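Read the numbers this way: they start at 1 and go in the same order the structure lists the ligands and their atoms. Position 1 is the first residue of the sequence; numbering continues from there. From a predicted model like this one, the values you see are computed outputs, not experimental measurements. Just the heavy atoms: all of them, side chains too, but no hydrogens, waters or symmetry mates, feed the values below.
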Amino acid sequence: MSIVYLEKEKSFILQAKEATYILRIRKDKYIEHVYYGRRIEKPIISQMIKDKGRASFNANPDDDERFSLDTMRAEYPAYGNTDLRIPAYQVKLDNGTRITDLKYESYEIVKGKEKLKGLPSLTGNGEQVDTLHITLVDNLINLKVVLSYSVFNEENVIARSAKFINEGNSSLSILRALSMGIDFDHCDFDMLSLSGSWARERHVVRRGIVHGAQSIESRRGASGHSENPFIALMDKDANENRGEVYGFSLVYSGNFLASVEVDQYDTTRVVMGINPFDFSWKLEPGEEFVTPEVVMVYSNAGIGHMSRTYHRIYRRNLMKSKFKDTERPIVINNWEATYFDFNEEKIKEIAKQASELGIEMMVLDDGWFGKRDSDNSSLGDWYVDKDKLPSGMYSLAEDVKSYGMKFGLWFEPEMVSPNSDLYRAHPDWCLHVPDRHRSLARNQLILDFSREDVREAIIKMLADILSSADISYVKWDMNRNMSEIGSALLEKDRQQETAHRYILGVYEVMDIITDKFPDILFESCSGGGGRFDPGILYYMPQNWTSDDTDGVERLKIQHGTSIVYPTCAMTAHVSAVPNHQTGRITSMAFRHAVAMSGNFGYELDVTKFSDDERVYIKEQVALYKSIRKVIQFGDLYRLESPFDGNDTSLIYVSEDKKEAVLFLYRVLSIPNGPLRRIKLMGLNPSYNYKIGDEAIISGEQLINYGINLPEELSTGDYKSSMILLIAQ
Ligand code: DGJ
């Protein structure tokens, strides 16, 4: 059992692989945080308790001058008592008051971890994980809150969530229901977040925390391009390979908040969950509300160790797809090759030529349905455009298959174009507010997935198409943020539930469709990486990382993405030059080397290649097939960060450490530069490795001395080198 309760100390000790987490019941009613950090086999809890009387401004609820909730380190801080720091929850009663008083009632420790109801979440069997449920109750109104902690004993992972249960006779409004809270007893932390924009997603931002609150959040209706639902707190001198790091990753795809508040006594409070901004949830008697889950990862060996833990746990215990452990196919996608301007012959020609190069999956992108010759029509009309594809979808899929390839299709199921049959028939099916303007973005509105009738109609349309032909892959796109948020069917005191209900609806549709079509590999997309979050990964085991396929930009985007997300989830394609987003011209070799460090494919017109290019690409495709297992499922060690300078390097190492692939990149040439070597990581020091076709070098030397940077990097811009290491 990785969780024990010590009766005498009234404390719970949670033991993850290398981390210990301790909380206790204080004064028989409050839940106090005691410790989170490096594993302590036999903690003496009495020696960890610190108390100090404070000025009267910190009120004491129990006539105990040395105790105040405003200074106690809380596990799930309330609004409504004397803790005046940032709360994890706030509830409004039907008499308009906002005071609740939740006290400890009971606990339960169970083996295993079940999926959260209606929400994506980690799962695990009784051998992998134990779960602690602590029940708090407000006896005046019979509100219960259950705090859940699932401890993965072979990983440094603890997953937390909260459940509100109204056992009273009156309805309540939840104004804030974050998933977790934790109070660290110092503030010597840096905070890491992944920030960006469309075409510049998940850039690594590191800042020192200061007194007051510092937050990242989304108010866009989706997790969004600009902030990812992830933060880490870490030692000020922690780096990629050293120091304590605490990761917090929210398994949720809608509006979120991650807030870090340093108080007057240097306590650091972290809270994370659904963004309380424009949120409330009416809870009728007998109803429950479950928060999404935060996956906390502890690392005592820097950011890299944290990342590898997230990669494993998200691959093994989050993704439900049968493809989670399967080598992912090399895709050719026609978007940048044709945009909307294609016909059956063109798609078949791309597929045929791609197949001759060894590419495995043809994905037909936007424009195959309704009358969609540009982005101003037809979303919602999910039937084949016979002008473009006169033989229909079945026949096209069969033709593609006859070339030895599989066939995939793009959808944007959550959207509707005002210029569509669907919108003309159901103008109230979109998110909107009566009598208010409906703002368009990319000429489209968002379907109201909080409505069951809308969800049913879309499920039917998708299922019809997916059953009509042999479709092996779906790219599920989503291309706008929410505005004028309201639902025609929700009562007026439930309108602030719309955004969360929408996401729950998206999850339900994704669940039904992915269950109904388990043999389809689903790729999520949101204008590139605008919804690249763990919530979506539960349903769809890969995500289009960014619309920006420029090799130089991708170094940063992929590095940032890899902080949390596994490589098999990160699709990366070679596109044409000049690059469509940046106008930059880089070599074919550089673009391949960057894309090959992810889940590899192409996004260009293969029919335009010269003979020499075709030979080169054929070789690259064959090469990737031979190494993709190590790349997609091996352990990633980031050696040099693109955020630190001109050189980037990373290595993937297989689980048995017998194979590795090293990627080296230099963006701009350095004239007359120094001779450099790079130390490798993750290898077995006692193995001897064959390096490319040349030398055999011991793991020990590769780790301690490293390898000299290859000559090919020394002149010219946008240079790369890819080196295979095989243990002899
Ligand atoms: C945005 C996606 O990120 C692109 O890859 C492409 O699918 C377009 N949408 C199509 O409209």
Side-chain angles (χ1 to χ4, degrees), residues 196-202 220-226 228 253 331-342 346-347 350 361-382 385 388 407-420 440-447 462 465 471 473-481 521-533 536 540 542-550 553-554 557-558 561 569-576 579-582 591 595 598-605:
S197 75
W198 174 80
R200 199 163 30 79
E201 295 92 335
R202 289 172 298 286
R220 296 171 180 274
S223 47
H225 293 92
S226 54
N228 198 258
S253 312
V331 161
I332 171 89
N333 178 301
N334 70 302
W335 178 241
E336 289 200 3
T338 64
Y339 294 104
F340 296 102
D341 185 17
F342 62 84
K346 180 70 191 177
I347 298 303
I350 291 176
M361 176 82 70
M362 169 78 223
V363 176
L364 175 55
D365 210 280
D366 196 353
W368 58 265
F369 51 92
K371 290 275 165 256
R372 189 153 163 99
D373 295 323
S374 73
D375 62 15
N376 63 19
S377 80
S378 301
L379 293 171
D381 295 346
W382 298 110
D385 177 356
K388 277 185 189 162
F407 180 67
L409 209 51
W410 178 97
F411 289 91
E412 196 174 357
E414 299 156 62
M415 299 290 150
V416 64
S417 310
N419 183 9
S420 66
L440 299 179
R442 208 192 186 207
N443 305 306
Q444 63 200 52
L445 295 161
I446 304 181
L447 283 173
L462 293 189
I465 286 282
I471 293 168
Y473 190 102
V474 163
K475 178 178 175 186
W476 180 302
D477 207 347
M478 194 285 283
N479 280 300
R480 67 159 290 181
N481 293 141
L521 172 58
F522 284 84
E523 179 193 44
S524 172
C525 173
S526 174
R531 211 166 52 179
F532 201 137
D533 59 59
I536 299 291
M540 308 198 169
Q542 55 189 58
N543 208 309
W544 181 224
T545 308
S546 176
D547 277 342
D548 193 339
T549 46
D550 172 75
E553 290 301 310
R554 272 292 183 123
I557 295 168
Q558 293 177 190
T561 304
M570 183 168 75
T571 47
H573 293 175
V574 171
S575 60
N579 180 270
H580 293 198
Q581 287 72 35
T582 60
R591 281 175 279 148
N599 179 341
F600 177 66
Y602 291 87
E603 188 96 5
L604 38 62
D605 192 347

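- Nearest heavy-atom pair, Ser417 versus Ser377, reported as atom, atom and distance to 0.1 Å: OG-C, 3.1 Å.
- Taking CG from Leu409 and NZ from Lys475, the interatomic distance works out to 11.5 Å, rounded to the nearest 0.5 Å.
- Near ligand 1, Trp335, Asp365, Asp366, Trp410, Arg442, Lys475, Asp477, Asn479, Cys525, Gly527, Gly528, Trp544, Asp547 each place a heavy atom less than 4.0 angstrom from the ligand.
- With sequence neighbours excluded, the residues that form a ring pair (Phe, Tyr, Trp, His ring centres under 6.0 Å) with Phe600 are His592, Tyr602, Tyr624.
- Counting heavy-atom neighbours within 6.0 Å of Arg220 CZ, excluding the residue itself, gives a total of 12 or less.
- The ring pair (Phe, Tyr, Trp, His ring centres under 6.0 Å) check on Trp335 picks up Tyr339, Phe340, with sequence neighbours excluded.
- Scanning for ring pair (Phe, Tyr, Trp, His ring centres under 6.0 Å) contacts around Phe411 gives Trp368, Trp382, with sequence neighbours left out.
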